[in-house]
Amino acid sequence: MDNSLKIILGIETSCDETAVAVVREDGKILSNLILSQLKEHEAFGGVVPEIAARTHMEHIDKLIKGALDDAGVSFSNLDAIAATSGPGLIGGVMVGMMAGKAIAAAHKLPFIGVNHLEGHALTARLTDQVQFPYLVLLVSGGHTQILVAENVGQYKRWGTTLDDALGECFDKSAKLMGLPYPGGPNLEKMAANCQNPAQALKKFPLPTPLKGRDGCDFSFSGLKTAVRNHVEKLPEGDLTREDIADLAYSFQITVGKILQDRCHNAIQKFLSTYSKNCEIPTLVVCGGVAANSHIRDILESLTKQANMDFMAPPMTLCSDNGAMIAWVGLEKLKHDMLDTLDIAARPRWPLDPTAEKRPGGGVKA
Ligand code: AMP
Ligand code: MG
């Protein structure tokens, strides 16, 4: 073990993954354990907050021990503890944060409360040392945002969803199609079964909300409603496998068009605002939906046209994980951005507190 490099334990419990990792300051992930609660929530077709919190509570201790064992370290080798302190489901956030604080107090280690969104946004620095400033498309189950990462703790939010998050729209649409939870990956698999793409698009046309408008905001609830209307128009019990594949295909193509349009605007704004400040302009995609191959392809060709680099973290680091939380901890430790043990769990915690409030009740911070 190289003792000159700092190492941090990272804890993530903001949604339905109990995740703990040990990461070293040179970016080496010494351990990375993720326990997904798919079975616990499957019957409900979505994450149930109370069940999530209880499940985190059941597993957190053994995951922390497992992550230390896998990394071959003990508490005395750690330089700090980082835990997600928001935004997220408050019961779950509290479980991870209290565990982290208890370890920090008992072992007299610094504690760092991490913004979950910053974990996603900085993953590209853990994996690829991307330099600030860079453009971020964050697409997950709870959030859909376009951000500029200017520095650690310093973000500009250029776009957000006015209603549903993209992952949520994938999951709800998949549910309407009768696909099992989690909907996103299952919908992608079904779309790959579409036999006649041109016909599928004609049979199931879908709207592209906000496409062609200025700005970088998103809206997905109309898309979900259009999926519902298509399903309801079909004779009852008559949603064939072919229909589902066609509808899933049309849905995925439509999402691609929306992202292409919104990201095009963001790229133009980024290049005109930041080109002097960065050697290689880069777009980073992160969050669970970034696992979708069609979306990755769309973004890759968009960045190619704009002479930008494109970065998508490996699949295991796209969805929620402890390594990204430990990494933010390491970045904040370097900047001496430590927290005291009275830091509170936050259900909402915008990365850019100055961002203009958007209309619509369901705006995600
Ligand atoms: P996260 O909120 O970052 O944990 O990511 C979970 C979200 O990503 C859920 O809404 C999933 O349905 C979605 N997701 C995961 N894989 C895919 C995929 N291949 N295509 C679309 N959405 C996905
Ligand atoms: Mg998750």
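Numbering of residues begins at 1 and proceeds along the displayed sequence. Side chains included, hydrogens not; waters and symmetry mates left out as well; all remaining heavy atoms used. As the structure lists them, so they are numbered: ligands from 1, and atoms in each ligand from 1.
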Compute the shortest N/O to N/O distance between [X] and ligand 1 and return yes if it is under 3.5 Å, no if not.
| X | result |
| --- | --- |
| Cys318 | no |
| Gly167 | yes |
| Asp171 | yes |
| Asn292 | yes |

Per-atom contacts, ligand 1 versus [X] - under 4.0 Å to a heavy atom:
| X | answer |
| --- | --- |
| Asp320 | 1 (P), 3 (O), 4 (O) |
| Glu188 | 18 (C), 19 (N), 20 (N) |
| Glu17 | 4 (O) |

Mutual orientation of the aromatic rings belonging to Trp158 and Tyr274 [parallel < 30°, tilted 30-60°, perpendicular > 60°]: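 Plane angle between 30° and 60°, so tilted.
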
Mutual orientation of the aromatic rings belonging to His230 and Phe204 [parallel < 30°, tilted 30-60°, perpendicular > 60°]: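 Geometry flag for Phe204 against His230: perpendicular rings.
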
Proximity flag His143 to ligand 1, non-hydrogen atoms under 4.0 Å: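 Outside the 4.0 Å threshold, so no.
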
Ligand 1 contacted by Pro185 (non-hydrogen, < 4.0 Å):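 In this structure, Pro185 qualifies as a contact of ligand 1 - some heavy atom is under 4.0 Å.
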
Shortest heavy-atom approach to atom 2 (O) of ligand 1 - which of Gly142, Gly288, Cys286, Gly141: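 Of the listed residues, Gly141 has the closest heavy atom.
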
Co-membership, hydrophobic cluster, residues Ile253 and Leu206, 4.5 Å side-chain: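 Result: no, two separate clusters.
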
Results of ring-ring contact (aromatic ring centres under 6.0 Å, His included) for Phe132 - residues two or more places apart only: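 If we apply the ring-ring contact (aromatic ring centres under 6.0 Å, His included) test to Phe132, skipping adjacent residues, the hits are Tyr134.
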
Just distance, no hydrogens or angles: give the donor-acceptor pairs under 3.5 Å from side chains in residues 86-101, sequence neighbours left out.
residue: Lys101; atom: NZ; partner: Leu341; partner atom: O; Å: 2.8
residue: Lys101; atom: NZ; partner: Ile343; partner atom: O; Å: 2.6

Pair His116-Glu12, side-chain donor/acceptor within less than 3.5 Å: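 Looking only at side-chain atoms, Glu12 and His116 do form a donor-acceptor pair, the distance falling under 3.5 Å.
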
Donor-acceptor contact below 3.5 Å, side chain Asp217 vs main chain Thr160: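 At least one qualifying donor-acceptor pair exists.
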
